[in-house]
Amino acid sequence: MADLSNLAGLGSEPSGEIDSSASSANNRSLRLAEKERRKGEADPFGLAVKYLSQVEAGTVVRGNDELERNMVVVETVALSKGLPPEVITVLLDLALSLNAGTANCTRVLKFLIPATVVPQEAIVKGVSWLCVGKMPMNAQVLFVRWVLTVFDLIDCKDNLRSIYGFIFSFVTEENLCPFICHLLYLLTMREHVHPYRVRKLLDIQAKMGRQPFLTQLLALYKVYCPDLVTLSLPSRVRTGFKNHNSTWKVALSAVQRKNKGAVLVDQSLSLDVKEKPSTRKRKLHHLAIPPLSSAFDSNSNKKVFRLQELRSFKELLENIHNIELPAQMGSLLGSALALHYLDCVQDESASLRLNFWLGHSLQEELLLCPVDGSSDNTSEACRFLSTILFSQQFLQEGFSSTESFLYKFLSVWDGCLLRPQILDLLSDIPLMPSFYMHKLLFEPLKQLYFISTVFFKCSVIECLNSMLVKWLTWHSVSALEGGLDISLNSNSAMTMTLSGFMDSVMELVRFVGLLASEGLRLENCHVLLLNQTLAFYETVCDMFLKYSLPLIIMPPAGVFYPALFATDSVSVDRLGYIMYRYRKNLTLAKKQEQQREQTFHISRNTYKEFNRNLQAMVNSMWNSWWSIPGSDIEIDKDLIALSKVAEPWCRFDLIHHPALFSYAIEFHQRCWPEKKNVDLGSIKIGKYWNWYMEFLFNQGFDGLNNFIRTNTGHSSGLSSQDDRQPTS
């Protein structure tokens, strides 16, 4: 019995332990539940996402306060901070499955704003829901528009490209066709172009007519496989994809600026041409060069070398045939090695994609959405345009999309906004036929020129001088290569004959002559404008000798005489150099014409004009005959008498000229320091004249030195400096 009692005692003790352990377990459960409740109160967004992920088909939507409450929580966070990738996947599946109803499908898509990136698997699953065919058409269109808007934020696109055929099947849907063509354009690679797809697009075009979005996609197909697309397409296809992002643009811009440190991605590729003009002034959205990123998953089996992995030019050469273009072509502009690759491979499809991205960025963000003048927006646009300038200077060639943008921008430009960048881009404009120049370039610049300040006038003359130098350099390279026809662009088959090139150069020089003459008259011969004009004619006077172009154009009277009678010595010296170089060029041209027959000859009127200017300059500065009967500067004698100027015929010689008068006074004081009365006429007597000439040219007036020595036979004691340009 004792043993049994002991056994009973042993059995009663564990019973108490079990009761206590059960009690502690219940308490622990309560604590965990309380912790979860407090956590839920602290993180309502997490609970809302969890609830929405558990919504099943057939859930009652109307009057469901809990569903509405959680939707509001998620929507508030999405519009203020953006959604993380995993939440994007959950909400996209909720919307496209229609588990929460059609109305909530549209609602979710409208606030689906990513905070960083969008997982490509979410897009692939969304396309699968599209294939089910449950969604109404307006929801399908909204989904594809959302994909286009966030296209640059998709982490990688290899799986998306693997379902290219499924996406292509939707081109037959009339409402979806414009958006699907745009998405296909962004995804297309060479392996996607097949004859049956070309035939399908041509059939759709036969039914719908020549639609811009179809033409754009066919143009890309033709780049990859020109033998498959026999349809003739315009050389410059106008923008075919309209703006699809108006629903998300403002919210997406705000979120990206808040999360600037997390990801810097440019949305300009999918932010295309505005659908309808808005009367409200829009602010600059986002202008930045996107970082280099791969178009394929890092785990992909494709044997490619990614551009972002390049570290040296040697690596570029070793892997040049295996290099994969980035997902966003705009990222090429931010990398010198990427630009090296673009220049080496001369891939037409790469140039087409880059120009597409650049054209949409410039048009959407600068033309249709002008900078509002705030420092942040202006500096962002300035950096963007400076990067384009760097890329164009690196490639030594302008982008066609930049050129098209500038022609449109000039018509609405105020002459102040981003002036240095716009004028630098203008100087990179390639050669164009003369009949286009007046409408596209000269007329807008002329309107701005005559109503702007003298500093803007100087900037325009400097810009056109830079443009002329680039055109002439281009011609001289073509002449060395022995080609008569000049290619206008490395990516274009369009060429121009030598006579056409000369016509364009002549029109440009005459236009600058008109601007300079009127500008000097309006600005009272401002010294800065005069010197910019003379810098332009320093280029013009050497076109035959320096650039092998058989064309010599003299400066108009409105430029020549203000420089001849200028009050600053630098302008007079530069004019002397210009006339000296004109004589060199004309002498060589005449000699070559006498030795052998040439296709192009210098006009006899050019020789007459040069001789008239030469006579005026020599007579006024050397012979003291400043008023020549029958010349451009003939003045009535009675009018001269009314001026009561003593010895007016010598007021512009090398002693009395307003630009050189101070040097003559200084020389006189050095020669006759004891004289109180200044008699400048004594400088012309005997050896003093030669001394004065040597003194004058020792001041650095090499242009005048060369001009006088060449045209008068006078030789100073200095060593000759035949070909040295004057210091200005």
Side-chain angles (χ1 to χ4, degrees), residues 393 396 398 423-432 434 437 441-442 445 449 457-480 486 498 501-517 519-520 527-560 562-564 566 570-589 600 602-603 606 609-610 613 702-703 706-707 722-728:
Q393 291 166 3
Q396 297 183 2
L423 290 177
D424 284 345
L425 287 172
L426 273 178
S427 68
D428 284 340
I429 286 180
L431 183 66
M432 73 180 82
S434 57
M437 294 172 64
L441 186 62
F442 292 168
L445 278 180
Y449 183 87
K457 292 179 174 68
C458 293
S459 299
V460 170
I461 300 296
E462 183 183 17
C463 164
L464 296 176
N465 184 25
S466 177
M467 180 190 296
L468 178 62
V469 169
K470 291 170 185 176
W471 287 9
L472 293 172
T473 305
W474 195 356
H475 162 73
S476 63
V477 172
S478 299
L480 289 175
I486 304 170
L498 181 57
F501 174 78
M502 291 174 62
D503 288 342
S504 296
V505 171
M506 192 180 303
E507 289 297 324
L508 177 60
V509 174
R510 287 175 177 171
F511 175 68
V512 174
L514 170 66
L515 292 184
S517 300
L520 289 170
V527 63
L528 290 179
L529 182 58
L530 180 59
N531 273 275
Q532 283 293 347
T533 303
L534 292 176
F536 177 81
Y537 280 97
E538 283 177 3
T539 303
V540 174
C541 71
D542 251 342
M543 290 193 300
F544 184 70
L545 264 175
K546 192 172 181 180
Y547 299 102
S548 304
L549 183 68
L551 179 66
I552 298 177
I553 305 174
M554 299 299 298
V559 171
F560 176 77
L564 178 60
V570 174
S571 298
V572 176
D573 184 59
R574 295 185 87 161
L575 181 64
Y577 173 77
I578 290 170
M579 293 299 292
Y580 164 71
R581 295 305 301 173
Y582 268 124
R583 181 181 179 117
K584 285 278 188 180
N585 281 259
L586 286 168
T587 303
L588 180 62
F600 296 93
I602 305 299
S603 170
T606 303
E609 193 174 353
F610 170 77
N613 290 345
D702 297 336
N706 290 328
F707 173 79
D722 290 351
D723 297 319
R724 184 179 175 185
Q725 186 173 339
T727 303
S728 55

Return the set of residues passing ring-ring contact (aromatic ring centres under 6.0 Å, His included) with F560 (not counting sequence neighbours), or none when no residue passes.
->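 Listed in chain order: nothing, the list is empty.
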
Would you compute the distance between atom [atom1] of [X] and atom [atom2] of [Y] and round it to the nearest 0.5 angstrom?
{"X": "I461", "Y": "L534", "atom1": "CD1", "atom2": "CG", "answer": "11.0 Å"}
{"X": "S466", "Y": "D424", "atom1": "OG", "atom2": "CG", "answer": "7.5 Å"}
{"X": "H475", "Y": "L498", "atom1": "NE2", "atom2": "CG", "answer": "5.5 Å"}
{"X": "K546", "Y": "L472", "atom1": "NZ", "atom2": "CG", "answer": "9.5 Å"}
{"X": "L529", "Y": "L520", "atom1": "CG", "atom2": "CG", "answer": "4.5 Å"}

F511 vs F442 aromatic rings, parallel, tilted or perpendicular, using cut-offs 30° and 60°?
->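 If you compare the ring of F511 with that of F442, the planes turn out parallel.
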
Contacts of type side chain to side chain contact (heavy atoms under 4.5 Å, CB included), residue T606, not counting sequence neighbours |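 So T606 forms a side chain to side chain contact (heavy atoms under 4.5 Å, CB included) with I552, M554, L586, I602, S603.
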
Side chain to side chain contact (heavy atoms under 4.5 Å, CB included) against T473, all qualifying residues, sequence neighbours excluded =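 Residues passing side chain to side chain contact (heavy atoms under 4.5 Å, CB included) with T473: V469, S476, Y547.
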
Report the residues that fulfil side-chain hydrogen bond (donor to acceptor under 3.5 Å, both in side chains) with T539, sequence neighbours left out, ordered by chain and then residue number.
->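 Only N465 meet the side-chain hydrogen bond (donor to acceptor under 3.5 Å, both in side chains) criterion with T539.
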
Donor-acceptor pairs under 3.5 Å, side chain of residues 502-509 to any protein atom, not counting sequence neighbours: which ones?
unit_1, atom_1, unit_2, atom_2, d
S504, OG, M432, O, 2.7
S504, OG, S434, N, 3.4
S504, OG, G500, O, 3.3
E507, OE1, H438, NE2, 2.9

With the side chain counted from C-beta on, respond yes when [X] and [Y] share a heavy-atom pair under 4.5 Å apart, and no when they do not.
{"X": "L515", "Y": "L445", "answer": "no"}
{"X": "V572", "Y": "L575", "answer": "no"}
{"X": "V540", "Y": "Y537", "answer": "yes"}
{"X": "P430", "Y": "W474", "answer": "yes"}

With D428, which residues qualify under salt bridge (Lys or Arg N to Asp or Glu O under 4.0 Å), at least two apart?
->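 Applying salt bridge (Lys or Arg N to Asp or Glu O under 4.0 Å) to D428 gives K470.
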
With D542, which residues qualify under salt bridge (Lys or Arg N to Asp or Glu O under 4.0 Å), at least two apart?
->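 Salt bridge (Lys or Arg N to Asp or Glu O under 4.0 Å) check on D542 returns R581.
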
Is the backbone of V460 close enough, under 3.5 Å, to the side chain of Y449 for a donor and an acceptor to pair up by distance?
->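 It does not hold such a pair.
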
If only atom types and distance count, is the side chain of N706 paired as donor or acceptor with the main-chain N or O of G576 below 3.5 Å?
->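 Looks like no, no N/O pair under 3.5 Å.
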
Pairs flagged by salt bridge (charged side-chain N to carboxylate O under 4.0 Å, His left out) wherever residues 457-469 is involved - sequence neighbours left out =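 Listed once each, the pairs are K457-E523.
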
